[in-house]
Amino acid sequence: MTEIKLYNTRSRKKERFEPIDPDNVRMYVCGPTVYDRAHLGNARPVVVFDVLFRLLRHVYGPDHVTYVRNFTDVDDKINARAAESGREISQITAETTQWFLEDMGELGALEPTHMPRATQYIPQMVAMIEDLIEKGHAYEAEGHVLFAVDSWRGKYGRLSGRSVDDMIAGARVEVAPYKRNPMDFVLWKPSTPDLPGWDSPWGRGRPGWHIECSAMAYELLGESFDIHGGGNDLMFPHHENEIAQSCCAHPEGDFAKVWMHNEMLQVEGKKMSKSLGNFFTVRDLLDQGVPGEVIRFVFLSTHYRKPMDWTAEKAREAEKTLKKWYAKAAQGVGMGEPYVAVVQALADDLNTPLAISELHQLYLADDVSTLRHTLQFLGLMTDDVPDWISGPAIDLSVFVDMFSEERAKAMRNKDFSKVDRLKTVLIAAGIEVRMSKEGVELVPGPDFDPAKLEALK
């Protein structure tokens, strides 16, 4: 069996992965808050942990891996969107949830085993909060219920590597008179009549953000499971708070054994920001004609623990590479297995840049069947070759006539400089120029880029 090694944020080192139960490998990844389209940064953890999901399924078997990714469908951002649009909250969350699934599907992401919505697990959250109060880890104050960080002080902060005192000094926390400690965080808060709310022992209200994942993870994966993932912006406070409330509610368990965090995304070397004009959603790129496979390829070209820089040039190069690979992979048929070297690269803490490098070597080896199955394994290709690789039909006859005419002139005046320039442009556009006694033939190759022919028009 392939040995998998993963970098555990909690231990700050790469560890051999040994599942609690090899017959049921369990992973939880924090999902989106559904109030708008997913931006490009939202998509990075989806792709990262989709690759891990595929690797685990390959090693342990598809029926022996359980992957949970939640939807947060009760949140102040959703409430604000409903207020400004005049639409029902349920309409907004249903629509944006479907958008998310469609957009991530375009990126080749498999749907997780379970995709719970927070509003489906309110009773479980209430029960967990009641248990935390009973055990002395939470308290009620002015209609709120808060987790008492001091009750977990000796262990709180181990994931992010900070002490409680340091976090109090440096963190942006809500200062409220009903808090015993500035770091105490909300488990339940009151709702006004115009906001979503549920009945509870503390009055009508709604859950805090952190309790959602703890309750859903416990219900679907148990008190201990193998992997918890998400962006590194969630490490504190979200994941730190998840650990505290989960371990206090279920001290018999360890919550997550391995913690994995992906780094953030930039655009053209700068933080993605609406003020800089470089903020865009996955759907924006898809609508601009950037294929989902290209977006995924660019993501995989950078290791998940390193910042990723999205650039237009990377997208162009990714499209050229994939067209070349797909043209060859289209010849592969039958059953097969992914390239061993690619599997081994992923097994070493999801080393996707190395996997891409191995794919380049596989392409050169002309093993078309293995190439096809490896692309499918990486989520870069479905059972079918993407339609976009052929692009729109281009009539090359005008360029054949142009080249033939210039070639004839050159034969007469012995000046081939213009013919050479034409040939250079054609080759740069990915066209093979074949000359014989019968005439000129232009053959587009896998790197064919029609846009580069504009220079000849």
Side-chain angles (χ1 to χ4, degrees), residues 8-10 27-35 38-39 41-46 48-49 68-78 100 112 115-119 121 124-125 128-129 132 137-138 144-149 151-153 155-164 166-168 170-174 179 181-189 206-221 225 227-250 254-265 304-305:
N8 190 344
T9 306
R10 177 182 272 173
M27 176 170 69
Y28 187 97
V29 175
C30 291
T33 299
V34 283
Y35 66 98
H39 62 67
N42 298 144
R44 193 178 191 197
V46 174
V48 166
F49 292 103
V68 178
R69 188 185 66 219
N70 71 295
F71 286 106
T72 293
D73 60 348
V74 51
D75 184 86
D76 289 343
K77 291 179 180 178
I78 302 173
F100 182 86
M115 294 183 286
R117 302 184 186 194
T119 53
Y121 287 80
Q124 291 88 341
M125 296 177 204
M128 181 175 277
I129 294 169
L132 288 168
H137 294 294
H144 296 74
V145 180
L146 297 108
F147 182 87
V149 168
S151 73
W152 185 248
R153 192 179 185 94
K155 298 178 180 178
Y156 189 80
R158 287 185 178 179
L159 180 67
S160 53
R162 299 182 248 183
S163 70
V164 173
D166 288 342
M167 287 187 277
I168 291 174
R172 292 177 294 177
V173 295
E174 180 187 1
K179 283 188 175 185
N181 182 316
M183 292 304 299
D184 292 350
F185 55 89
V186 172
L187 302 175
W188 189 264
K189 53 189 174 183
R206 60 196 191 277
W209 175 35
H210 313 300
I211 196 68
E212 297 174 12
C213 289
S214 285
M216 290 185 282
Y218 175 72
E219 289 297 318
L220 294 168
L221 300 177
F225 55 93
I227 300 168
H228 195 312
N232 67 356
D233 58 323
L234 300 180
M235 191 186 308
F236 180 83
H238 185 52
H239 290 164
E240 202 73 75
N241 292 351
E242 276 189 75
I243 293 171
Q245 62 201 11
S246 294
C247 290
C248 288
H250 306 289
D254 297 320
F255 196 44
K257 183 179 177 182
V258 177
W259 285 85
M260 298 178 66
H261 294 89
N262 64 273
E263 258 288 358
M264 296 296 99
L265 176 142
Y304 78 93
R305 287 195 289 113

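Note that this is a predicted model, so its numbers are computed, not measured. Scope of the values below: all heavy atoms of this structure, side chains included, with no hydrogens, waters or symmetry mates.
Between Arg117 and Val34 the shortest side-chain heavy-atom distance does not fall below 4.5 Å. For the pair Pro116 and Tyr121, the minimum side-chain heavy-atom distance is below 4.5 Å. The side-chain heavy atoms of Phe185 and Val149, taken from C-beta on, include a pair separated by under 4.5 Å. At least one side-chain heavy atom of Cys30 sits under 4.5 Å from a side-chain heavy atom of Leu234. A 4.5 Å side-chain heavy-atom check between Met216 and Val68 finds every atom pair outside the cut-off. Using a 4.5 Å heavy-atom cutoff, the side chains of Cys213 and Tyr28 are in contact. Met235 places none of its side-chain heavy atoms less than 4.5 Å from the side chain of Glu240. Between Ile211 and Phe147, the closest side-chain pair of non-hydrogen atoms is not below 4.5 Å.
Under the ring-ring contact (aromatic ring centres under 6.0 Å, His included) criterion, Trp152 pairs with no residue at all, not counting sequence neighbours. With sequence neighbours excluded, no residue forms a ring-ring contact (aromatic ring centres under 6.0 Å, His included) with His137. Here Gln124 pairs with nothing under the side-chain hydrogen bond (donor to acceptor under 3.5 Å, both in side chains) rule; sequence neighbours left out. Applying the side-chain contact (heavy atoms from CB on, under 4.5 Å) rule to Arg158 yields the partners Lys155; only residues at least two apart in sequence or on another chain are considered. With sequence neighbours excluded, the residues that form a side-chain hydrogen bond (donor to acceptor under 3.5 Å, both in side chains) with Asn241 are Tyr156, His210.
The main-chain N or O of Lys179 is never found under 3.5 Å from a side-chain atom of Asp184 such that the two would form a donor-acceptor pair.
Crowding of Tyr35 atom OH: a count of heavy atoms from other residues, nucleotides or ligands under 6.0 Å not exceeding 12.
Considering all non-hydrogen atoms of both residues, Pro207 and Val74 come closest at CG-CG1, 4.3 Å. Nearest heavy atoms, His144 versus Leu146: CB-CD1, 4.1 Å. Shortest non-hydrogen contact noted between Ser214 and Glu242 is OG-O, 3.3 Å. Nearest heavy atom pair, residue Asn262 against residue Met264, reads O-CE, 3.6 Å. Contact detail for Leu187 and Ile129: the closest heavy-atom pair is O-CD1, 3.4 Å. Shown here for Met128 and Ala249, the closest heavy-atom pair between the two residues is CG-CB, 4.0 Å.
Separation of atoms CZ (Arg305) and CG (Asn232) is listed at 11.5 Å; rounding is to 0.5 Å. Atom OG1 of Thr33 is separated from atom CD of Glu212 by 7.5 Å, given to the nearest 0.5 angstrom. Distance check, rounded to the nearest 0.5 Å: NE2 of His228 to CG of Asn8 gives 12.5 Å.
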Side-chain donor-acceptor contacts of residues 254-261 below 3.5 Å, not counting sequence neighbours, with atom names and distances?
residue, atom, partner, partner atom, Å
Lys257, NZ, Glu18, O, 2.4
His261, ND1, Thr9, OG1, 2.8
His261, NE2, His239, ND1, 2.8

